[in-house]
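See below for the structure under consideration.
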Amino acid sequence: MSTTRRTPDAADADHRYRYLDESGHLVEDPPAVTETTLLELYESLRFARAFDERAKSLQRQGRIATYAPMAGQAGAQVAAALAMDDEDWLYPTYRDNAAKFARGVDPADVLALLAGHEGDGDADARVMPEYIPIATQLPQAVGAAWTGLLRSGEPEYATLATLGDGATSEGDFHEGLNFAGVFDTPTVFLCQNNGWAISTPTERQTRSETLARKAAAYGVEGVRVDGMDPLATYVTVRRAVRKAKDDVAAVADEPADPEAVAAGPSGATRPTLVETVVRRFGAHTTSDDPSRYREEPDRSGDPLPRLETYLRGRGLLDDERVAAVGDRVETRLEAAVERAEARETDPTAAFEHVYAEPTPAVDDQRAELERLYEEYGDRVAGERH
Amino acid sequence: MSTTRRTPDAADADHRYRYLDESGHLVEDPPAVTETTLLELYESLRFARAFDERAKSLQRQGRIATYAPMAGQAGAQVAAALAMDDEDWLYPTYRDNAAKFARGVDPADVLALLAGHEGDGDADARVMPEYIPIATQLPQAVGAAWTGLLRSGEPEYATLATLGDGATSEGDFHEGLNFAGVFDTPTVFLCQNNGWAISTPTERQTRSETLARKAAAYGVEGVRVDGMDPLATYVTVRRAVRKAKDDVAAVADEPADPEAVAAGPSGATRPTLVETVVRRFGAHTTSDDPSRYREEPDRSGDPLPRLETYLRGRGLLDDERVAAVGDRVETRLEAAVERAEARETDPTAAFEHVYAEPTPAVDDQRAELERLYEEYGDRVAGERH
Amino acid sequence: MSGADVDPDDRGSEDVGEAAERAPTHDRDDADAEELTLVEAVRDGLAAEMLRNDRVVVLGEDVAENGGVFRTTDGLLEAFGSDRVIDTPLAESGIVGAAIGLATHGLRPVAEVQFSGFVYPAFDQLVSHAARLRTRTRGDLTCPLVVRAPYGGGIRAPEHHSESPEAFFVHQPGLKVVVPSTPRDAKGLLAGAVRDPDPVIVLEPKRMYRATNERVPAEPYAVDLGEAAVRREGTELSVFTYGATVESTLIAADDLDADVEVVDLRSLSPLDRETIAASVRKTGRAAVVHEAPRTAGVGAEIAATIQEEALLYQEAPVERITGFDTPVPLGEAEDYHIPAALRVREGLREAVEF
Amino acid sequence: MSGADVDPDDRGSEDVGEAAERAPTHDRDDADAEELTLVEAVRDGLAAEMLRNDRVVVLGEDVAENGGVFRTTDGLLEAFGSDRVIDTPLAESGIVGAAIGLATHGLRPVAEVQFSGFVYPAFDQLVSHAARLRTRTRGDLTCPLVVRAPYGGGIRAPEHHSESPEAFFVHQPGLKVVVPSTPRDAKGLLAGAVRDPDPVIVLEPKRMYRATNERVPAEPYAVDLGEAAVRREGTELSVFTYGATVESTLIAADDLDADVEVVDLRSLSPLDRETIAASVRKTGRAAVVHEAPRTAGVGAEIAATIQEEALLYQEAPVERITGFDTPVPLGEAEDYHIPAALRVREGLREAVEF
Ligand SMILES: Cc1ncc(C[n+]2csc(CCOP(=O)(O)OP(=O)(O)O)c2C)c(N)n1
Ligand SMILES: Cc1ncc(C[n+]2csc(CCOP(=O)(O)OP(=O)(O)O)c2C)c(N)n1
Ligand SMILES: [Mg+2]
Ligand SMILES: [Mg+2]
């Protein structure tokens with residue numbers, strides 16, 4: 001992999017945009033990212049790391065169900081989330097908890113969902129529920145972004161939809177990006193190319209050299225970035241978010257990283273497809289056994305030590321601060337686990353929000369279950385319950 | 001529009017590959033097309049023209065239902081069909097009757113279908129039934145082409161699927177081309193970009209500069225050609241068909257028209273997306289009123305006089321031969337109309353081929369209708385019948 | 001904060017300015033009802049709801065410049081402009097998916113699918129998302145989306161243009177499904193759908209688009225979803241039908257030597273089970289008429305409901321008079337497939353004479 | 001000439017050479033049946049049919065290298081090679097669309113959809129094409145395609161992983177739908193599907209994949225599609241169920257103080273209406289159990305059929321014991337949604353005591 005931050009062609013698989021090398025040293029002049037943001041990036045990444053480990057252990061203990069780890073990808077997620085403005089909306093997949101936390105989603109809610117308690121998404125944090133049917137979020141994120149344009153003629157907010165490499169094969173990827181191009185919606189498509197869709201490597205997913213170059217088919221700008229470099233991801237997504245909403249042409253001409261922008265026709269449209277090149281350090285999910293289909297993956301270039309090295313070098317972190325972050329992260333996580341585990345299953349909750357007003361069928365069926373529950377309690381749920 | 005036959009970039013909307021200019025004069029050295037093929041092209045085009053006119057008039061008289069005219073596009077269709085080998089399969093849309101006739105489909109069958117008599121496709125001619133749900137033919141054509149590869153390791157035959165410009169927006173376009181790229185199937189995607197999807201102009205269908213360039217997103221070769229030049233279309237599709245099945249690398253390196261091949265990564269893969277730039281001279285279908293959404297279209301560059309001029313110039317046609325072709329065309333068409341109109345509606349035909357063996361439900365329902373029909377005859381079909 | 005930053009029941013600005021002047025069917029005297037065809041009533045309903053609520057937007061293939069292939073959206077572009085009447089690319093999953101995004105964020109999209117046979121590419125967006133957003137977010141985010149599509153046969157259309165897919169949507173919890181049979185209901189059910197806080201599929205009987213006229217009130221009004229309409233009262237037999245087959249059922253009922261009650265269901269989800277049960281308890285006999293295939297069609301649900309709610313009153317099995325379990329045949333053969341008045345009458349007779 | 005240049009009923013080469021040696025579950029003594037779980041029986045069935053007919057190919061997401069997320073295709077790649085066991089891109093319409101192309105041209109594709117909740121992107125290919133190719137071409141071209149998908153809840157899976165979409169496919173003419181409930185039938189119905197000349201959807205009850213063992217014959221065999229199996233004979237009540245709910249129904253039947261007949265439908269399309277009618281004529285009472293939502297589910301069709309075929313024998317309404325008209329809830333709540341034995345028993349009791 002080239003270490004140059006200039007990527008002369010987003011269609012060239014050997015190049016990706018980067019600031020920090022794999023050991024955390026700058027290969028370019030530092031980007032204009034505030035110290036507050038840098039420290040937020042760090043703490044969010046620490047939290048993501050801790051959450052990931054805790055979730056895997058909770059799953060092993062049977063306290064939550066299947067979990068999709070983020071290790072190797074949390075840097076891209078956190079950087080993208082922090083590059084968004086408050087008014088923007090996140091359309092996440094099942095693997096994007098780090099991005100959700102960085103937007104303010106309560107980790108207790110995520111743990112509760114993983115433990116099987118309904119209630120996903122967070123309108124206050126402007127985070128949609130996680131999208132499991134692959135790529136279906138993309139047309140919706142485009143429509144959401146379009147809303148502002150239709151309402152006021154202005155891009156009132158951007159939407160950022162995440163997706164995997166596998167998702168680029170679905171029809172909804174195509175239809176979503178095409179709508180974004182045609183209606184010039186303020187949408188950022190954040191593809192985390194982790195090299196795998198469960199057991200299928202990206203090379204068998206598509207014969208395109210890169211995923212970023214697919215943007216050109218829609219007249220949309222495509223950019224390829226080292227997603228394990230949180231600085232480069234932040235700068236790239238920040239630019240995409242600004243371009244989506246602000247002065248499209250000005251940002252497009254911005255000298256910061258003109259050559260990262262290559263696949264698009266002119267770069268002067270609102271939507272952007274950002275391909276972050278990442279590695280999936282672990283299994284697809286806790287149900288997956290990657291030894292069936294791949295060698296032990298290369299786990300170098302981990303974003304967390306990379307960022308930490310950089311921040312220590314800049315004097316923003318030292319042992320004491322690092323420890324303080326660790327304490328805050330642990331406290332937050334403990335509290336979240338506790339709150340999540342306090343939740344109880346409500347046998348009739350499923351009837352509540354099928355429609356704004358329950359239909360007669362829903363009401364009758366609820367009554368049917370309530371009658372049985374009253375008489376038999378949990379035995380209604382069967383042996384296995 | 002540039003008149004050069006060299007198109008340095010399939011992504012450049014101003015260029016398209018061509019041999020004949022709009023008045024039918026060669027702008028390049030003549031391609032290696034046999035005289036037999038040239039005359040077949042001409043007669044097929046004449047038949048298409050006559051059929052188109054007759055079908056519109058039959059529709060006006062209520063003798064057939066909605067009809068989708070081919071005028072402006074028949075040249076591309078006929079050239080593509082004749083560029084296929086006998087063993088290849090055609091996957092047509094509702095607008096591709098000229099291609100079907102050129103493959104040997106009986107025009108009486110097409111007229112009968114248009115008059116509402118079930119029975120589409122022709123396995124002997126290796127022509128699938130027409131595909132109306134837009135773009136759905138594309139994954140199927142890829143699977144069909146793949147069959148040979150899976151069976152014998154060799155591309156036993158190619159498939160050629162036609163599609164419109166509008167079809168490029170559907171998810172199935174994307175999934176079909178992506179499968180073709182990944183499995184390197186011997187498939188030719190023949191896009192007839194006639195500028196319109198009913199009332200929607202291509203500029204509002206996609207922001208891509210050309211449709212050919214979309215191929216790059218799949219690692220598939222994309223080529224753009226003047227579809228109203230039957231010579232250029234023939235040569236381009238012929239090359240794509242050979243490349244699909246024969247020596248991929250050799251054809252890719254073939255000096256004939258190397259620069260027409262631009263969007264693909266190397267040109268050395270089996271599938272090709274051919275964008276034929278054509279004009280829809282008439283309405284979308286006989287139900288459509290184009291005056292609602294477009295000015296009178298430019299009807300210049302009609303492939304038929306263009307080809308006729310060229311063939312007269314080469315001494316392959318003169319007044320007498322032209323008249324003889326006209327006579328043959330008329331005779332064939334008359335016979336077809338007659339045979340088609342001899343068909344009668346069978347009220348229970350619909351029950352026959354739902355399954356290889358009718359299910360009990362199908363059998364019972366058939367009996368139900370038969371009982372009523374026996375008692376009441378056509379009155380079972382109601383007033384309007 | 002609501003997910004959409006707006007009160008989902010807020011009707012938006014009532015000050016519609018010039019749009020009112022330009023609205024296509026509002027040049028008539030507003031106080032008066034006017035004779036409209038079903039297609040005109042759909043258009044009138046769209047215009048009325050767009051005037052009433054500036055968050056209502058119409059999108060789909062060929063709906064703007066061309067006014068829709070059936071002209072249901074004719075004149076709306078001129079009246080409401082290109083931010084509210086939008087031609088989209090040819091991609092149904094994109095249309096419905098984008099419309100879900102619009103609906104979640106404060107607009108009231110009315111997406112047209114050109115023919116109901118082309119709704120399948122959008123099936124995933126409808127059943128996996130539109131139907132569930134409310135449940136998944138415990139009511140935090142919602143999807144007040146309308147999808148309109150002409151359905152059914154009878155116009156000698158090509159393949160895939162005559163589908164009756166209503167049962168697919170009726171089976172999916174979280175969706176609602178309505179089917180008007182008259183111009184008046186076409187306007188009223190559409191308004192009910194647009195104002196409904198949940199996703200509604202409106203299937204319009206295309207062969208009725210221009211078949212009859214009816215006086216349709218000029219002012220906006222909504223028919224409540226979930227309420228059937230008794231079109232003909234009777235005591236000896238209850239017939240349940242909807243949409244395109246209401247007409248042939250009424251003819252058949254007139255034709256039959258028995259006192260037949262004809263119930264136009266109008267709303268298939270939710271289903272008006274009370275009206276259904278009450279009618280059968282009264283008559284003791286029932287039939288259902290639709291043109292979709294019989295097996296696992298809406299008629300099956302009605303028959304199941306009737307025997308659940310009124311078995312002890314049933315003097316005969318519920319007769320299902322439906323399209324057959326075959327693809328809709330082309331050309332004249334479709335007239336044998338779609339239950340025509342005579343076939344309906346014979347079916348009703350069986351129910352009466354059982 | 002047949003469209004595919006091959007006799008569609010030709011089984012291809014029986015001389016499978018080395019593949020037989022490598023077939024994953026054929027290392028046991030062929031004369032003997034072996035205890036297999038349902039998931040092993042599916043794998044055994046696939047291997048048996050692939051050995052029997054070299055035109056059978058398996059394709060889908062993660063089916064080859066990974067052996068399928070449930071391991072239903074484990075070992076097939078090693079046994080049959082990468083031209084017969086194929087990992088595809090993540091695109092269900094592409095998978096089913098390509099498989100239709102394969103089927104039309106002489107192969108016998110078995111396409112896996114990873115979970116039945118992800119079949120919707122392929123809905124258009126299934127209902128608009130697979131279901132109709134024979135009709136459209138008057139039998140000239142055919143589509144002998146199998147689509148397999150694990151269905152149903154009970155494994156604490158995330159959203160969209162617990163769907164029971166069978167009614168959608170049962171309503172579509174031209175498709176067949178089977179649902180095995182036992183290892184033996186999992187192999188036999190799969191073989192029936194692979195050998196069937198028409199497209200068949202096989203829905204496998206994923207929570208039964210490893211729930212029980214059963215002796216499964218080693219040799220290839222096919223269960224005829226369209227034939228129900230009486231799992232328990234009885235005289236007082238007929239219960240119709242299939243797939244994942246057969247087990248809880250049998251427990252409930254044992255538990256109830258009445259002589260209950262339990263019919264495993266196995267094939268939902270075509271439906272074995274004769275067996276259904278005969279059973280109800282004998283018992284006079286009926287119930288149906290499935291976990292899909294109730295409204296317009298397969299239970300509705302069965303209730304409609306019963307009252308058509310046996311109304312005069314019915315002493316009670318057909319009781320529908322089903323999943324509710326809500327999305328499948330997550331976590332422990334799913335146990336209240338899926339009809340567990342106690343809920344089934346109480347439903348059966350109502351039918352008996354009516
Ligand atoms: C429509 C659909 N098909 C199949 C699945 C099953 N599935 C879940 S995750 C996954 C792989 C996704 O790969 P990718 O898009 O690269 O994302 P990643 O998991 O690597 O983050 C698959 C096939 C699904 N969720 N949705
Ligand atoms: C899935 C689907 N959606 C909508 C339609 C209705 N429809 C028929 S033709 C057409 C336009 C097709 O445009 P294009 O692909 O450019 O082909 P052309 O008709 O110009 O040859 C539309 C929208 C359809 N047939 N299928
Ligand atoms: Mg991935
Ligand atoms: Mg076109």
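Note: hydrogens, waters and symmetry copies are ignored here, and every other heavy atom, side chains too, is used.
With values rounded to the nearest 0.5 angstrom, A/I198 atom CD1 is found 7.5 Å from D/L90 atom CG. Taken to the nearest 0.5 Å, the OG atom of A/S287 stands 7.5 Å off from the CD1 atom of D/I155. How far CZ of D/R343 is from CZ of A/R379: 15.0 Å, rounded to the nearest 0.5 Å. Distance check: D/R156 CZ to A/L114 CG gives 14.5 Å after rounding to the nearest 0.5 Å. The OG1 atom of D/T295 lies 6.0 Å from the CD atom of A/Q365; values are rounded to the nearest 0.5 Å. The CG atom of A/D346 lies 12.0 Å from the CD atom of D/E332; values are rounded to the nearest 0.5 Å.
Partners of D/P158 according to the side chain to side chain contact (heavy atoms under 4.5 Å, CB included) rule, which considers only residues two or more places apart in sequence or in another chain, are A/I132, D/H161. Residues passing the side chain to side chain contact (heavy atoms under 4.5 Å, CB included) test with A/R343, sequence neighbours excluded: A/D109, A/A112, A/H117. D/L330 pairs by the side chain to side chain contact (heavy atoms under 4.5 Å, CB included) definition with A/L113, A/E118, D/E159, not counting sequence neighbours.
Contact tally against chain D (heavy-atom pairs below 4.5 Å) for A/A349, A/P133, A/A135: the top residue is A/P133. For the set D/I338, D/D325, D/V344, the count of heavy-atom pairs under 4.5 angstrom toward chain A peaks at D/D325. Among the candidates A/Y94, A/Y293, A/F173, A/F351, the residue making the largest number of heavy-atom pairs closer than 4.5 Å to chain D is A/F351. Across A/A115, A/G164, A/G166, A/A65, the residue that shares the most heavy-atom pairs under 4.5 angstrom with chain D is A/G166. Of the listed residues (A/R366, A/R294, A/Q205), the greatest number of heavy-atom pairs within a distance under 4.5 Å of chain D belongs to A/Q205.
Atom CD of A/E203 has more than 12 neighbouring heavy atoms from other residues, nucleotides or ligands inside a 6.0 Å radius. Within a 6.0 Å sphere centred on CD of D/E353, other residues, nucleotides and ligands contribute more than 12 heavy atoms. When the shell of 6.0 Å around CG of A/D298 is examined, it contains more than 12 heavy atoms from other residues, nucleotides or ligands.
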Evaluate D/H160 against A/T136 for side chain to side chain contact (heavy atoms under 4.5 Å, CB included), listing each step before the verdict.
CA-CA 12 Å; D/H160 307 283; A/T136 51; over 6 Å; no
Derivation and outcome, side chain to side chain contact (heavy atoms under 4.5 Å, CB included), residues D/E92 and A/E170
CA-CA 8 Å; D/E92 289 76 11; A/E170 286 280 4; 2.6 Å; yes
Using side chain to side chain contact (heavy atoms under 4.5 Å, CB included), reason through A/R292 and D/D74 one step at a time and then give a plain yes or no.
CA-CA 10 Å; A/R292 298 179 62 89; D/D74 196 19; 2.5 Å; yes
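Using a 4.5 Å heavy-atom threshold, the side chains of D/P89 and A/T206 count as separate.
For D/T88, the part lying near chain A is the backbone, with the side chain staying farther off; criterion is any non-hydrogen pair under 4.5 Å. Of the two parts of D/V69, only the side chain, counted from C-beta on, holds a non-hydrogen atom closer than 4.5 Å to a non-hydrogen atom of chain A. Heavy atoms closer than 4.5 Å to chain D are found in the side chain of A/V362, but not in its backbone. Using a 4.5 Å cut-off between heavy atoms, D/F324 contacts chain A through both its backbone and its side chain.
D/D62 and A/T200 are linked by a side-chain donor-acceptor pair at a separation below 3.5 angstrom, with hydrogens and angles left out of the test.
Proximity to chain D among residues 367-376 of chain A is limited to A/E368, A/L369, A/L372, A/Y373, A/Y376, judged by heavy-atom separations below 4.5 angstrom.
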